[in-house]
Amino acid sequence: MKRLFCFPIIVVLIFGLSLCSNNSQLQAQEPAPGDRAKLEQQLQELQEQIKVLKQNPKIKKSLLADVEVYAKAAEWILRHNEFYKPQYVKDTFQILETGQTRAQQLQIGKPEWTQQTGTVIFGYYSKVDGSVQPYALTIPTDFKEKSSHRWPLHVELHGRGGKRNEVFFIAHPNRRGPREGHEWLHLEPFGRTDNGWRWSGEVDVHEAMDDVKKRYLIDKKRITLRGFSMGGAGAWHLGLHYPSLWCGVGPGAGFVDFYQYQNYKEKLPHYQHKTLHIYDSIDYALNAADVPVVTYGGGKDKQLVSSTRMVEKAKAHDIDISLYISPEATHQSRMPAYQDYLTDLLNHSKQGRPAWPGKKQIRFITFTPKFNECEWLTIEELDEMYEPTIVEGGIDDESGNLQLTTENVAALSLARNVAAKVELDGTLLPLESAADGLLPQVYFVKSNSGWDVLKYEDSKTFIENPNQRKRQNLQGPIDDAFTLPFVCVTGTGTPWNSELNAWSQSVLSLFEKEFDKWLRAKVPVIKDTQVNDQIIAAKNLILFGDPGSNSLIAKVVEDLPVEWTKDQITVNGKSYDTKNHGVVLIYPNPLNPVRYVVINSGHTMHEKDFRASNSWLFPKLGDIAVIQFKKSKAGTYENETVWAELFDSNWELP
């Protein structure tokens, strides 16, 4: 075992190991008919108990989730026939028994699991789709004696199991959390199973953390993120996307980009290539300046290259990432180097993040407004999407002013009380006194002549985004719509074109099937006649059909960057026959511009991507695309992308 500091390292190509295992080889066995019947009966009994509990307004929703998550586990394993081993049948019986016990305890007002220590399963209802999702929390045995103590939190992301589902996760949690003498709470998110902690899998980490914070006193300055293999890939990108959230980040192995990990020689189409900057962690190495990063691995593990590449990339920015290696170890999460790695992380946890206003000096990079916060800085708008967007600098010790340099930043905001003044790219501007001192954030917009600080009224107008610029959670691509509250809307009218309408329904059906299997939730679907102002205000609208069949499409189509008639769809100056072409897109919803509208698309990744490797779970269609469809004799559709593009920062075609 040795510790490597940042000296030159030979980087080797890898072809992906456990992270790109092929799930198509998984073989499930149908449980014995008698067992299936008993499981279905017990599931129905538990679901009936839950219905009764939901009618009691005095029962907390969080406690309902703790019960319902057991029913969800049994429902999903039965529906998808995911009994990969005989043990899964026994586990499902045990989970249903536990669920019924919890339901009975909750009915009489004595939820005993909330008083347990050790590893406990909890649930929460996701804001994305309303589904119930599980997580495991390990609680130290002396928790009750320190009930008023604010606890450090360790978030550990699991690797790719291949055969993981809710039943397996609940019955066999990692159980590598705190033991005697370990003084932290240990959170293991489910991550909606094995998706590389991307999209709603990434959201699951944040939602599980939020749920823990509601239940327990957490020291927000002492939250550690770690993981190995697929969990390492997740720790790399989550750690560097949100550097101010963690006191330490500890990835092991994993992958940090697409091309090298897959040994992919050809360049992807530009609308796919650019969006790799969303999840290619190697692009965010500069952010290791803002949070301590500690990594480890086995000397005989080909995935060690992820750690060595990140160390090298950080070193190029004069940033040190600590790397611990066990020379003889292969791809294994526990090895001799792990102890030194964990000790290093625990030292960062003991130190914690600096109190407000946080770090005085930052070096921050992003490629999208989605990941735009570092300490007291928020990057509001980019000049060009998916290009390096950088802010560096901090508080000058002599003047006390904030001094920052920027690259590719169109607008930013700063916390008012960081400094009296700020120097942006050489222009000195007021900060503490700006906007009459009435807003917690001060907004700055770049013009042809340099940076301008916005007055109070101008700030309020800027926040409303009247020019419809790409902002956080309103920047695309299509797949981003499903990281936020959404609802799919089908039409009740007469289609303009029966072929296109049938194709759009096939797209929705495929989305429902794949989301249910690979992201572990039922897609919420309603009719256009059910959409009201409250839904428009709260959710992204995913619309299926055409302006004839779907009244919501008819309402918004004139404000979308397409022309749509009964016979043709015109996009970017070219017309396509609606008998065998459809348009898919994401755009600010004309009915509520702070939310998305999506036309005729679910996730643009599909089952083959989920089965192949998490590194393939990147956007396939950008922001807008024209699809040529052909119905086979079997009734399925073959889809070909004939054109696709990304809107610029103004939501306009380049």
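It should be emphasised that the depicted structure is a prediction, and the values quoted were computed from it without experimental measurement.
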- Query: How about Q262 and S615: does a side-chain donor come under 3.5 Å of a side-chain acceptor?
  - Reply: yes
- Please find out if less than 6.0 Å separates the ring center of Y341 from that of Y296. yes
- Would K265 and N263 satisfy side-chain hydrogen bond (donor to acceptor under 3.5 Å, both in side chains), going step by step from the backbone distance to the final call? CA-CA 6 Å; K265 301 300 184 182; N263 194 25; 3.1 Å; yes
- Can N195 and L519 be said to form a side-chain contact (heavy atoms from CB on, under 4.5 Å), step by step? CA-CA 8 Å; N195 50 56; L519 292 167; 3.6 Å; yes
- Item | Aromatic ring pairing H154/W184, orientation class (parallel under 30°, perpendicular over 60°, tilted between) | parallel
- Query: Y279 vs H241 aromatic rings, parallel, tilted or perpendicular, using cut-offs 30° and 60°?
  - Reply: tilted
- Would a 4.5 Å heavy-atom cut-off, applied to side chains only, mark L157 and L225 as touching? yes
- Does the distance from a Lys or Arg side-chain N to an Asp or Glu carboxylate O, for R164 and D194, drop under 4.0 Å? yes
- Under 3.5 Å, side chain of D623 to main-chain N/O of L646, donor-acceptor pair present? no
- Task: With sequence neighbours excluded, tell me which residues meet side chain to side chain donor-acceptor pair (under 3.5 Å) with K620.
- Result: none
- From D283 CG over to H237 NE2, what is the distance, rounded to the nearest 0.5 angstrom? 13.0 Å
- Residue pair D479 / T604, side-chain donor-acceptor N/O under 3.5 Å: yes
- Task: Please work out whether the ring planes of Y259 and Y264 are parallel, tilted or perpendicular, with thresholds of 30° and 60°.
- Result: tilted
- Query: Can you tell me if W199 and D480 form a side-chain donor-acceptor pair at under 3.5 Å?
  - Reply: no
- Do the two ring centres, one from H158 and one from W197, sit under 6.0 Å apart? yes
- Task: Could you please spell out the steps behind the side-chain contact (heavy atoms from CB on, under 4.5 Å) verdict for D91 and H172?
- Result: CA-CA 9 Å; D91 289 340; H172 307 283; 2.8 Å; yes
- Task: Using the six-membered ring of Y338, assess whether NZ or CZ of R334 lies under 6.0 Å from its centre and within 45 degrees of the ring axis.
- Result: yes
- S229 and H331: CA distance, side-chain angles, deciding distance, side-chain hydrogen bond (donor to acceptor under 3.5 Å, both in side chains) verdict: CA-CA 8 Å; S229 193; H331 189 70; 2.9 Å; yes
- salt_bridge(K300, E328) N-O dist < 4.0 Å: yes
- Message: Side chains of T138 and E188, heavy atoms from C-beta outward: is any pair under 4.5 Å?
- Response: yes
- Query: Can you find a side-chain donor-acceptor pair between Q133 and S126 that sits under 3.5 Å?
  - Reply: no
- Item | Electrostatic pair R226-E156, nearest N-O below 4.0 angstrom | yes
- Query: Do V305 and T308 touch side chain to side chain, with heavy atoms closer than 4.5 Å?
  - Reply: yes
- Item | Aromatic ring pairing Y242/F371, orientation class (parallel under 30°, perpendicular over 60°, tilted between) | perpendicular
- Query: Considering residues, nucleotides and ligands other than Q351, do more than 12 of their heavy atoms fall under 6.0 Å from its CD?
  - Reply: no
- Message: Run I139 and L185 through side-chain contact (heavy atoms from CB on, under 4.5 Å) and show every step you take.
- Response: CA-CA 5 Å; I139 304 164; L185 300 187; 4.1 Å; yes
- Task: For the residue pair Y84 and Y88, categorise the inter-ring angle as parallel (less than 30°), tilted (30 to 60°) or perpendicular (more than 60°).
- Result: perpendicular
- Query: Heavy atoms, side chains only, cut-off 4.5 Å: are V391 and I379 in contact?
  - Reply: yes
- Could you tell me whether the side chain of R309 and the main chain of I282 form a donor-acceptor pair under 3.5 Å? no
- Message: Ring centres under 6.0 Å, that's the criterion: do F610 and W616 meet it?
- Response: no
- Under 3.5 Å: donor-acceptor pair, side chain of S649, backbone of D383: yes
- Item | Shortest non-hydrogen separation from D129 to A521 and the atoms involved | OD2-CB, 3.3 Å
- Task: Evaluate the side-chain proximity of L137 to H186: yes if any heavy-atom separation is below 4.5 Å, no if none is.
- Result: no
- Would you please name every residue forming a side chain to side chain donor-acceptor pair (under 3.5 Å) with E166, sequence neighbours left out? R520
- Could you tell me whether E381 and K470 have a side-chain N and a carboxylate O separated by less than 4.0 Å? no
- Task: Using the side-chain hydrogen bond (donor to acceptor under 3.5 Å, both in side chains) rule, take N372 and Q472 through it: C-alpha gap first, then chi angles, then the decisive distance, then the call.
- Result: CA-CA 7 Å; N372 68 341; Q472 186 186 49; 3.1 Å; yes
- Query: What residue among Y135, Y125, Y124 forms side chain to side chain donor-acceptor pair (under 3.5 Å) with D211?
  - Reply: Y135
- Can you tell if the side chain of T483 reaches within under 4.5 Å of the side chain of K370, non-hydrogen atoms only? yes
- Do any N or O atoms from the side chain of E407 and from the backbone of T389 form a donor-acceptor pair under 3.5 angstrom? no
- In terms of ring plane angle, is the pair F482 and H603 parallel, tilted or perpendicular, where the classes change at 30° and 60°? tilted
- Item | Flag, side chain of S349 to backbone of L345, donor-acceptor distance under 3.5 Å | no
- Query: Is the shortest heavy-atom distance from the side chain of P140 to the side chain of E183 under 4.5 Å?
  - Reply: no
- Message: side-chain contact (heavy atoms from CB on, under 4.5 Å), that's the test. Do I390 and F364 meet it? Break it down for me.
- Response: CA-CA 6 Å; I390 302 171; F364 182 65; over 6 Å; no
- Is D340 reaching over with its side chain to a backbone N or O of A337, donor-acceptor style, under 3.5 angstrom? no
- Message: Test your reading of the model: is there a side-chain donor-acceptor pair from S306 to the backbone of G254, 3.5 Å cut-off?
- Response: yes
- Query: Taking only residues at least two apart or on different chains, which pairs with a member in residues 373-392 satisfy ring pair (Phe, Tyr, Trp, His ring centres under 6.0 Å)?
  - Reply: none
- Item | Test: D66 and R215 ion pair at under 4.0 Å | yes
- So, the side chain of R363 versus the backbone of E392: is there a donor-acceptor pair under 3.5 Å, distance only? no
- Item | Non-hydrogen side-chain atoms of N165 and K517 separated by less than 4.5 Å | no
